[in-house]
Amino acid sequence: SNKPKGDFEAGVGLDYGNYGAHRVHGYLNVPLNDDWAVRIAGQQSNRDGYQTDGTNDDDTGSARLHVLYAPRDGLSLLLSASQVDVEGNGFGLVPYRASGYYNNSNPWTGPATASPAALQAQATQNGQPPTLFTNGVANDDGHTDITVKSYGAQLDLDVGSLGTLTAIANRLETDNDTRSYASGFLF
């Protein structure tokens with residue numbers, strides 16, 4: 001991530017792709033005076049799921065703020081804060097067996113749209129124990145809801161012939177509420 005600088009800068013970008021993918025991202029760098037500068041950056045990314053049940057999708061937003069205080073050469077304090085939010089249907093699998101995919105005409109058929117009877121037959125054919133799908137556990141409630149927050153500071157001080165003294169402090173908070181299904185396991 002770029003740090004604040006003494007020149008005004010701004011930029012924005014747009015990306016598009018298959019599966020309804022789109023992303024917008026941008027940044028703004030503002031020098032407030034000779035000693036202070038601020039830089040903010042962010043992005044929002046969305047994409048439909050690769051699988052028929054909507055899993056392996058993307059709904060991610062992130063932002064970062066840097067504030068730089070540099071009152072003289074050899075002294076600077078950088079304060080930072082960021083947040084990332086990841087949401088969506090979450091991680092999904094493609095059911096596969098020795099004879100091929102669950103649905104060979106569409107290998108992206110996800111477990112939530114596969115019939116329990118077919119998955120039971122798959123488990124029996126492969127000599128595997130029944131999975132959560134075949135034990136009647138609903139498998140269409142997978143989701144991802146993750147928030148990561150970070151707060152930090154970096155102090156740099158020139159100490160002459162000894163070099164530069166750098167002190168770094170950071171706090172990271174994560175809140176994860178995710179449910180994903182895989183053969184025999186509930187994550």
Side-chain angles (χ1 to χ4, degrees), residues 1-94 107-108 110 141-182 187:
S1 65
N2 291 333
K3 306 302 184 275
K5 25 179 131 167
D7 301 316
F8 177 84
E9 291 182 345
V12 66
L14 298 171
D15 301 326
Y16 292 94
N18 57 357
Y19 292 93
H22 57 280
R23 179 175 72 118
V24 59
H25 49 98
Y27 69 94
L28 177 65
N29 187 92
V30 179
L32 302 176
N33 58 35
D34 290 341
D35 297 342
W36 292 89
V38 175
R39 184 177 187 96
I40 187 166
Q43 76 170 356
Q44 179 66 42
S45 174
N46 298 90
R47 186 192 73 251
D48 296 336
Y50 290 136
Q51 294 183 245
T52 56
D53 59 5
T55 55
N56 293 329
D57 61 337
D58 180 30
D59 183 3
T60 305
S62 60
R64 177 184 308 113
L65 172 68
H66 288 307
V67 177
L68 176 65
Y69 175 61
R72 63 176 171 84
D73 287 344
L75 174 63
S76 67
L77 174 64
L78 178 68
L79 303 174
S80 303
S82 66
Q83 180 168 327
V84 177
D85 292 308
V86 180
E87 298 177 353
N89 294 321
F91 172 74
L93 297 175
V94 177
W108 293 108
D141 62 344
H143 62 274
T144 297
D145 186 4
I146 302 171
T147 299
V148 180
K149 297 178 183 178
S150 177
Y151 311 95
Q154 178 174 329
L155 175 67
D156 292 304
L157 176 62
D158 183 352
V159 290
S161 62
L162 296 175
T164 301
L165 174 66
T166 299
I168 299 173
N170 195 68
R171 176 176 173 81
L172 184 69
E173 299 174 5
T174 302
D175 183 16
N176 186 340
D177 177 12
T178 301
R179 171 176 230 129
S180 178
Y181 293 89
F187 296 98

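Model, not experiment: these values are computed from the prediction.
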- prompt: Under the side chain to side chain contact (heavy atoms under 4.5 Å, CB included) criterion, do L68 and K5 qualify, and how do the steps go?
  reply: CA-CA 8 Å; L68 176 65; K5 25 179 131 167; over 6 Å; no

field: Verdict with supporting geometry, L28 and F8, side chain to side chain contact (heavy atoms under 4.5 Å, CB included)
entry: CA-CA 8 Å; L28 177 65; F8 177 84; 3.6 Å; yes

task: Please report the C-alpha distance between L32 and V38 in whole Å, then the side-chain angles of each, then the deciding distance to 0.1 Å, and finally whether the side chain to side chain contact (heavy atoms under 4.5 Å, CB included) criterion is met.
output: CA-CA 7 Å; L32 302 176; V38 175; 3.6 Å; yes

query: Can you check side chain to side chain contact (heavy atoms under 4.5 Å, CB included) on D59 and D85, steps first, answer last?
result: CA-CA 8 Å; D59 183 3; D85 292 308; over 6 Å; no

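In this structure, CD1 in I146 is found 8.5 Å from OG1 in T174, a value given to the nearest 0.5 Å. Note that the NE2 atom of H22 and the CD atom of Q44 stand 7.5 Å from one another [nearest 0.5 Å]. In this structure, OG in S1 is found 11.0 Å from CG in L65, a value given to the nearest 0.5 Å. The CG atom of D158 sits 8.0 Å away from the CZ atom of R72 when rounded to the nearest 0.5 Å. Summarising the geometry, atom CG belonging to L155 is positioned 10.0 Å from atom CG belonging to L79; distances are rounded to the nearest 0.5 Å.
Residues D48 and D57 have side chains not in contact (no heavy-atom distance under 4.5 Å, counting atoms from C-beta outward).
Across all non-hydrogen atoms, the minimal contact from D35 to P71 is OD1-CA, 3.6 Å. Of all heavy-atom pairs spanning T164 and V159, the tightest one is N-CG2, 4.3 Å.
With sequence neighbours left out, the ring pair (Phe, Tyr, Trp, His ring centres under 6.0 Å) criterion links Y151 to no other residue.
Using a distance-only test at 3.5 Å, with no hydrogens or angles considered, no donor-acceptor pair links the side chain of D15 to the main chain of R23. No donor-acceptor pair closer than 3.5 Å links the side chain of N170 to the backbone N or O of S150. Checked by atom type and distance alone, the side chain of R171 never pairs as donor or acceptor with a backbone atom of K149 at under 3.5 Å.
In this structure, a donor-acceptor pair under 3.5 Å is present between the side chains of T60 and D58.
Each of R64, K3, H66 was scored for a side-chain hydrogen bond (donor to acceptor under 3.5 Å, both in side chains) with S80, with one residue passing: H66.
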